[in-house]
J.: 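Mind looking over this structure? Questions follow.
Just follow the structure's listing: the first ligand is 1, and inside any ligand the first atom is 1. Just so you know, these numbers come straight off a predicted model, no measurement behind them.
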Amino acid sequence: RKGKTPEEVVKKYLQKVKSPPEEDCTICMEPLGGPSGYKGPGVGPVSRAESVGRLAQCGHQYHFQCLVAMYNNGNKDGSLQCPTCKTIYGVKTGNQPAGKMEYHVIPHSLPGHPDCKTIRIIYNIPPGIQGPEHPNPGKPYTARGFPRHCYLPDSEKGRKVLRLLLVAWDRRLIFSVGTSSTTGESDTVIWNEVHHKTEFGSNLTGHGFPDPGHLDNVLEELRAQGITEDDVLVE
Ligand code: APR
Ligand code: ZN
């Protein structure tokens, strides 16, 4: 997509390691001093110099080929996430299927937020056919419970969360295709790792209000996807 090979993408985020530590690579569980335990399609010989690399920001070390294999197993968007500490290199994107995100303010207050109105987000995703970035390419996926309505307080922090959710939507990180943990159905559209409140006036499901920690939790979940207030300022 970016015109870079997987090897070039991985190399961009690595520093050279002169002498590998006497530790195992936590991707393949083989010693860093020896060859990568990953044997798969497209694994060619690597030069000694690039056999182990240190991720530039977090410092965790892996076999070069193990990182390339990990990258190839993802959606190959030019980003890489450290499997140990989850530090993100580049811009992480997901495999959310095509659809629509809308929002508006409704003149009611949420339990626990008596002093402000409410933002209602409406997600609509129709069923479709899985692409190469999905678990079963070519197979259909279902989409249950859409449009899904979600609620945020229309407070300063709630609006901040909304701005970051819009970035997450553009990066295809709000939904995914997989197996629903609620229904057990496979090949269906499911929430990704950012929690939403889908219940308005009560909290019978655990996905409603009041929930004093909710906005901070969502900000933390967005951060884990690589989305912070910095992303809003530049976009
Ligand atoms: N509202 C908000 N979040 C939910 C809900 C819900 N009703 N049910 C589950 N989640 C959260 C879970 O806590 C989990 O973190 O979504 C994440 C993924 O759960 P799955 O059950 O795999 O997700 P999915 O099948 O998409 O959702 C189940 O959520 O919005 C509703 O209509 C939707 O009934 C469906 C339910
Ligand atoms: Zn390895």
J.: Give a yes or no on this: more than 12 heavy atoms of other residues, nucleotides or ligands lie within 6.0 Å of atom NZ of Lys100.
T.: no
J.: Check Glu221 with Arg223, please: is the shortest side-chain N to carboxylate O separation under 4.0 Å?
T.: no
J.: Hydrogens and angles aside, do Arg54 and His60 bring a side-chain donor and acceptor to less than 3.5 Å of each other?
T.: no
J.: Considering only heavy atoms, which protein residues lie less than 4.0 Å from any atom of ligand 1?
T.: Gly145, Arg148, Ser180, Ser181, Thr182, Val189, Ile190, Trp191, His195, His196, Thr198, His207
J.: Between Asp187 and Gln130, is any side-chain donor less than 3.5 angstrom from a side-chain acceptor?
T.: yes
J.: Over 60° means perpendicular and under 30° means parallel, so tell me whether Trp191 and His196 are parallel, tilted or perpendicular.
T.: parallel
J.: For the Zn ion (ligand 2), which protein N/O/S atoms fall under 2.8 Å? Skip waters.
T.: Cys25 SG, Cys28 SG, His63 ND1, Cys66 SG
J.: Quick check: Phe146 with Phe175 (ring centres under 6.0 Å apart)?
T.: yes
J.: Check this for me: does any side-chain nitrogen of one of Asp77 and Arg171 sit under 4.0 Å from a carboxylate oxygen of the other?
T.: no
J.: Just checking, is any N or O donor in the side chain of Glu185 or Ser180 under 3.5 Å from an acceptor N or O on the other one?
T.: no
J.: Taking the six-membered ring where the residue is Trp, are the ring centres of Tyr123 and His149 under 6.0 Å apart?
T.: no
